Number of protein chains: 2
Amino acid sequence: MSQSSDTTSYKDIKQTVLDRIRSGVWKPDTLLPNEQALALEFSCTRTTVNRAMRELAEEGFLERRRKAGTRVLRAPHRQARFTIPLIRDEIEAQGGAYRYALVSAETVDAPEWLTARLALKQAQRVVHVRCMHYSNNTPFQFEDRCIVVQSVPQVEQADFSTLGPNEWLVETVPFTNVELAFLASRADEVVAGFLDVPRDEPVFTAERITWLQGQPVTFAKLYFAAGYRMTTRF
Amino acid sequence: MSQSSDTTSYKDIKQTVLDRIRSGVWKPDTLLPNEQALALEFSCTRTTVNRAMRELAEEGFLERRRKAGTRVLRAPHRQARFTIPLIRDEIEAQGGAYRYALVSAETVDAPEWLTARLALKQAQRVVHVRCMHYSNNTPFQFEDRCIVVQSVPQVEQADFSTLGPNEWLVETVPFTNVELAFLASRADEVVAGFLDVPRDEPVFTAERITWLQGQPVTFAKLYFAAGYRMTTRF
DNA sequence: ATATCCATTTTGTGTAGACTTTAAGTTTTT
DNA sequence: AAAAACTTAAAGTCTACACAAAATGGATAT
């Protein structure tokens, strides 16, 4: 099917199963034949069928339960996968020239809202960095970030004048858990100034909280330039 | 490790490998031992190692190339996975009572912008539906959708007075390709009215184009209520 | 120096078979 | 009835082995 080979591959099976779902041969809620039977039909081993079905389940098309069998999901709970690239990569991928500029960097006491937001045990020192990312010298993103000193002590020696805090963190604390939120916010004086948009302009915004093994590391607000769209296909 | 079993499972291997990456034993760009060697180390078969490493690669931690081997990715290209639920499910999941209300439904000629946007060969008839989704009787989402008649002829007989067009489409055309974009837009007169927010309020907005085997089926703009956040963890 | 070819290594995927784990359904007991 | 115990079907995972496919790095030819 996919290759002009003599054996049936798990990819062939995936394709065939998808086709049957598409064409309505196997409608939502249908209980599919078990792996044994499918292996017989496709004249391959159960191992191969298993891989095909397992992947289709992971992709959100099927639901599998031991003893109960495999059925077609009625409302495809399809998952959108956004790849979150480094901003430099994102800009360069669309052919722009990336430029970074530090706005400010200072060590301060964490404000109350941040203490609450990160569920810090007590008030902590944080490095507060603000910076800009440009594509072809037009504003692309304004970044406003706090990094918890206790979690990443090296941050006090870090130099953010040429390297952005995100890239620095990726190098320094490569392995993290993330909570990411997208929302629409309103450009205040500061954001409007940096992004070169009118005040009160709607701004696509991402909030990103990062932990390292349960320890909150950083809170970032990323304000995108006017007209930014975050896109995916599936 | 995970189970108190006597065999090494692919999950154990995944965990161990992740730990080594976390702890810096295997730093970014490190070339890992090949599957043979790992199988020996974990005293299991190469098949088991293969599954562990394959999944870690899929999850964005490793890069694998034939002959070149497996290496740790420097900037974890981790992917955010958003599950896009039916809006009814989303509302009910957070404990709200879902209510749907049709605003308008009419068959019209596709406006030019839509013809261009969907790359229609010629101007087509479309069903234009506008409707509201409420959570506990507060506005949650305003939906403005066009459905291409030629692609889904049954739509002209559809009754959207009690069933939302999205749910109808999921039932009728279960299998589709989707392009999804998120952006921040500004509430115009209409949107502001329906969402009960001031004019010019920033509104988190999703645009969704759906195809069925290459045929454009529907274009939808989904305006979310004030303060909506789309969240994910990874 | 440059381009082409080729051997070898490493991952990718298949077969065949066994044992394990979960949970649906049935039967039995309370 | 309701709860507990049992049976059993289905997916989940492992072993052991084989061959395929890709692509690197060196060897060879231009």
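So that the names make sense, note that chain A is the first sequence line, chain B the second, and so on, each numbered from 1. These numbers come from a predicted model, not from an experiment.
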Between L32(B) and K67(A), name the one whose nearest nucleotide on DNA chain C is closer to the 5' end.
-> L32(B)
Residue pairs involving residues 145-156 of chain A (criterion side chain to side chain donor-acceptor pair (under 3.5 Å); sequence neighbours excluded) | Q124(A)-Q150(A), E143(A)-R145(A), R145(A)-T218(A)
What do the steps show when you test F204(A) against M230(A) for side-chain contact (heavy atoms from CB on, under 4.5 Å), and what is the final call?
-> CA-CA 9 Å; F204(A) 186 83; M230(A) 172 147 288; 4.0 Å; yes
Tell me, please, which residues at least two apart from A68(B) pass side chain to side chain contact (heavy atoms under 4.5 Å, CB included).
-> R65(B)
With sugar-phosphate taken as primed atoms, P, OP1 and OP2 and all else as base, the protein-contact string of nucleotides 13-19 of chain D at under 4.0 Å (heavy atoms; B, S, -) is BSBBBB-
Taken to the nearest whole Å, CD1/I13(B) to C1'/dT11(C) is 15 Å
E55(B) atom CD is separated from dT11(C) atom C1', nearest whole Å, by 16 Å
Residue pairs involving residues 225-234 of chain A (criterion side chain to side chain donor-acceptor pair (under 3.5 Å); sequence neighbours excluded) = E90(A)-Y228(A), R229(A)-E207(B), R233(A)-E179(B)
To the nearest Å, how far apart are F42(A) CZ and dT13(C) P?
-> 18 Å
Who pairs with A37(B) by side chain to side chain contact (heavy atoms under 4.5 Å, CB included), at least two apart in sequence or on another chain?
-> P33(B), N34(B)
Between its two end axes (five pairs each) the helix from dA1(C)-dT30(D) to dT30(C)-dA1(D) turns, nearest 10 degrees, through 20°
Write down the distance between CD (E63(B)) and C1' (dA23(D)), rounded to a whole number of angstrom.
-> 13 Å
May I ask you to evaluate whether R65(B) reaches the phosphate of dT24(D), defined as a side-chain N or O under 4.0 Å from OP1 or OP2?
-> yes
Taking only residues two or more places apart in sequence, or in another chain, which ones meet S161(A) in a side chain to side chain contact (heavy atoms under 4.5 Å, CB included)?
-> L102(A), D159(A)
ring-ring contact (aromatic ring centres under 6.0 Å, His included): pairs with one or both residues in residues 148-173 of chain A, sequence neighbours excluded = F160(A)-W168(A)
Among pairs that include at least one residue of residues 91-100 of chain A, which meet side chain to side chain donor-acceptor pair (under 3.5 Å), considering only residues two or more places apart or in two chains?
-> Y98(A)-H133(A), R99(A)-N137(A)
Distance, rounded to the nearest Å, where R71(A) contributes CZ and dA24(C) contributes P | 11 Å
Once you round to the nearest 0.5 Å, how far does OG1 of T30(B) lie from CG of L73(B)?
-> 11.0 Å
Round to a whole Å and report the spacing from CG of L62(B) to P of dG12(C).
-> 11 Å
What is the distance from CD of Q36(A) to C1' of dG12(D), rounded to the nearest Å?
-> 14 Å
Rounded to the nearest angstrom, tell me the gap between atom CG in L31(B) and atom C1' in dT11(C).
-> 12 Å
